[in-house]
Number of protein chains: 2
Amino acid sequence: MRLLPHPSTENIQLTEVLRALSDPIRLEIVIRLATAGEMTCTVAGDDLGVHKSTASHHYRTLREAGVVLTKQEGRLKYMSLRRDDLETRFPGLLDAVLTAATRPLPAEAHA
Amino acid sequence: MRLLPHPSTENIQLTEVLRALSDPIRLEIVIRLATAGEMTCTVAGDDLGVHKSTASHHYRTLREAGVVLTKQEGRLKYMSLRRDDLETRFPGLLDAVLTAATRPLPAEAHA
DNA sequence: CGAATTGTTTGACAACAATCCAACTATACG
DNA sequence: CGTATAGTTGGATTGTTGTCAAACAATTCG
């Protein structure tokens, strides 16, 4: 089992995290990881509507930003959200993003 | 006094807000607005180290993303954070970003 | 009106980013 | 070993972004 290079917790940069989360495809991947926990790249990237190599680039962006942790087991790579690290570094940020991303539009006062 | 075109609250998109906040210059502008409240473009853009036209583009990006509200009075334009709109749309998000952006690095256990 | 102030627009350019395709690597399985 | 599986890498392309400089627009003030 090997770990790929990741930024340490204290080296996670806010602007890089925000940029990583600002792409709809990557945000969808993050939502899946938040919902279902650790999963392989293939599962995380299923039905995203992009080529597998494109998805692979997104995995790398998320990893290098410090959003996900990737470890290899055999020929599979498992990704998971770095929930604790992000909470330590930027309290409340990931939860706010996930809430915002998954919550239905608030029923406005028919305005 | 005129208002410039802005997205309505329900049309503010999460990914666009995250993208707007993912640039260091724009994030700095947002921090200034959060700290000092409404201010003119000139004040908000003072000492940012970029040309005024560059700053102007950033104002537009922030406005079109729904992060700031801009109103014109005379020859001045006042910008302010759309705190309430953002809180309605994405509860806790702006606060988390501002906390993350302004908080000093947590003193790690000398690790 | 003419000059100063405040900010935007346009054009140019370089850097970056998203995408696809094809080739590749590495592991696992017969 | 040969094949399948899982994912990455490199090239090419296309589009977006950040930046500056110069010109412009709008308001105010003398």
Side-chain angles (χ1 to χ4, degrees), chain A residues 1-6 13-30 32-33 36 38-80, chain B residues 1-6 13-30 32-33 36 38-80:
Chain A
M1 202 273 287
R2 287 170 310 184
L3 234 66
L4 278 69
H6 296 78
Q13 297 303 310
L14 176 60
T15 51
E16 291 182 27
V17 170
L18 295 175
R19 227 199 53 71
L21 297 175
S22 73
D23 179 274
I25 300 267
R26 288 192 294 262
L27 187 55
E28 172 63 27
I29 294 170
V30 167
R32 293 180 181 188
L33 291 172
E38 189 178 71
M39 54 179 68
T40 67
C41 291
T42 299
V43 173
D46 190 43
D47 286 323
L48 285 180
V50 293
H51 196 276
K52 65 172 181 169
S53 65
T54 302
S56 182
H57 283 302
H58 287 312
Y59 306 150
R60 184 155 69 102
T61 299
L62 288 169
R63 176 168 52 79
E64 290 179 348
V67 176
V68 306
L69 184 135
T70 311
K71 58 181 177 180
Q72 183 154 12
E73 287 184 40
R75 66 180 151 180
L76 301 181
K77 279 182 181 170
Y78 289 91
M79 281 192 297
S80 57
Chain B
M1 202 274 287
R2 290 170 310 184
L3 235 66
L4 279 68
H6 295 78
Q13 297 304 310
L14 176 61
T15 51
E16 292 182 27
V17 170
L18 295 175
R19 225 198 54 69
L21 297 175
S22 73
D23 179 273
I25 299 269
R26 287 192 294 264
L27 187 55
E28 173 61 26
I29 293 170
V30 167
R32 292 181 182 189
L33 292 172
E38 189 178 70
M39 53 178 69
T40 66
C41 291
T42 299
V43 173
D46 190 43
D47 285 324
L48 286 180
V50 293
H51 196 276
K52 64 173 182 170
S53 65
T54 302
S56 182
H57 281 301
H58 287 313
Y59 306 150
R60 184 153 70 102
T61 300
L62 288 169
R63 176 168 51 80
E64 290 180 347
V67 176
V68 306
L69 184 134
T70 310
K71 58 181 177 180
Q72 183 154 11
E73 288 185 39
R75 65 182 152 179
L76 301 181
K77 280 182 178 168
Y78 289 91
M79 282 192 297
S80 57

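So that the names make sense, note that chain A is the first sequence line, chain B the second, and so on, each numbered from 1. Excluded from the calculations below are hydrogen atoms, water molecules and symmetry mates; all remaining heavy atoms, backbone and side chain alike, are included. Computed from a predicted structure; not experimentally measured.
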Find the distance [X]:[atom1] to [N]:[atom2] and express it as a whole number of Å.
X: B:Leu76; N: D:dT27; atom1: CG; atom2: P; result: 12 Å
X: A:Glu73; N: C:dA28; atom1: CD; atom2: P; result: 10 Å
X: B:Met39; N: C:dT6; atom1: CE; atom2: P; result: 15 Å
X: A:Tyr78; N: D:dT5; atom1: OH; atom2: C1'; result: 13 Å
X: B:Gln72; N: D:dA25; atom1: CD; atom2: P; result: 15 Å

I need the [X] [atom1] to [Y] [atom2] distance, nearest 0.5 Å.
X: A:Asp23; Y: A:His58; atom1: CG; atom2: NE2; value: 4.5 Å
X: A:Glu38; Y: A:Met79; atom1: CD; atom2: CE; value: 10.0 Å
X: A:Ile29; Y: A:Thr61; atom1: CD1; atom2: OG1; value: 9.0 Å

Test side chain to side chain contact (heavy atoms under 4.5 Å, CB included) on B:Val67 and B:Glu16 and set out the steps. CA-CA 9 Å; B:Val67 176; B:Glu16 292 182 27; over 6 Å; no

Does B:Ser56 have any side chain to side chain contact (heavy atoms under 4.5 Å, CB included) partners at least two apart in sequence or in another chain, and if so, which?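 In terms of side chain to side chain contact (heavy atoms under 4.5 Å, CB included), with neighbours along the sequence ignored, B:Ser56 is linked to B:Tyr59.
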
Please enumerate all residues that pass side chain to side chain contact (heavy atoms under 4.5 Å, CB included) together with A:Arg60, with sequence neighbours excluded.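 Partners of A:Arg60 by the side chain to side chain contact (heavy atoms under 4.5 Å, CB included) criterion, ordered by chain and then number, come out as A:His57, A:Arg63, A:Glu64.
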
DNA chain C: B:Ala55 or A:Val50, which has the more 5' nearest nucleotide?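 Final value for this comparison: B:Ala55.
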
Mind checking what makes salt bridge (Lys or Arg N to Asp or Glu O under 4.0 Å) contact with B:Arg32, not counting sequence neighbours?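 Salt bridge (Lys or Arg N to Asp or Glu O under 4.0 Å) check on B:Arg32 returns B:Glu28.
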
Measuring from the side chain of A:His58 (C-beta onward, heavy atoms only), which nucleotide among C:dA18, C:dT9, C:dT6 has the closest atom?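 Nearest listed nucleotide: C:dA18.
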
Measure from the side-chain heavy atoms of B:Arg26 and tell me the nearest of D:dA6, D:dG18, C:dA18.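 Out of D:dA6, D:dG18, C:dA18, the nucleotide with an atom closest to B:Arg26's side chain is D:dG18.
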
Could I get a table of every N or O pair under 3.5 Å where one atom is in the protein and the other is in nucleotides 21-23 of chain C?
from	atom 1	to	atom 2	distance (Å)
C:dC21	N4	A:Ser53	OG	2.6

May I have the step-by-step check of side chain to side chain contact (heavy atoms under 4.5 Å, CB included) for B:Met39 and B:Leu33, ending in yes or no? CA-CA 7 Å; B:Met39 53 178 69; B:Leu33 292 172; 3.4 Å; yes

Under 3.5 Å: donor-acceptor pair, side chain of B:Arg26, backbone of B:Ala20: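 Yes: the side chain of B:Arg26 pairs with the backbone of B:Ala20.
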
Got a sec? Which of residues 59-68 of chain B come in under 4.0 Å of DNA chain C, heavy atoms?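 Heavy-atom contacts with DNA chain C come from B:Tyr59.
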
Residues of residues 15-25 of chain B with any non-hydrogen atom less than 4.0 angstrom from an atom of DNA chain C: list those, numerically ordered, please.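 Those residues whose heavy atoms fall under 4.0 Å from DNA chain C, taken from residues 15-25 of chain B, amount to none.
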
Is there side-chain contact between B:Thr70 and B:His6, with at least one heavy-atom pair below 4.5 Å?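 With C-beta onward as the side chain, the pair touches.
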
What pairs of donor and acceptor atoms, side-chain ones from residues 43-54 of chain A against any protein atom, are under 3.5 angstrom apart with sequence neighbours left out?
from	atom 1	to	atom 2	distance (Å)
A:His51	ND1	A:Ser53	N	3.1
A:His51	ND1	A:Ser53	OG	3.0

When the nearest nucleotide of DNA chain D is assigned to A:Arg75 and to A:Thr70 on a heavy-atom basis, which residue is associated with the more 5' position?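 Counting from the 5' end, the first nearest nucleotide belongs to A:Arg75.
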
When you check the phosphate oxygens OP1 and OP2 of D:dT8, does a side-chain N or O of A:Lys77 lie under 4.0 Å from one of them?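 Checking D:dT8 against A:Lys77, a side-chain N or O does come within under 4.0 Å of OP1 or OP2.
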
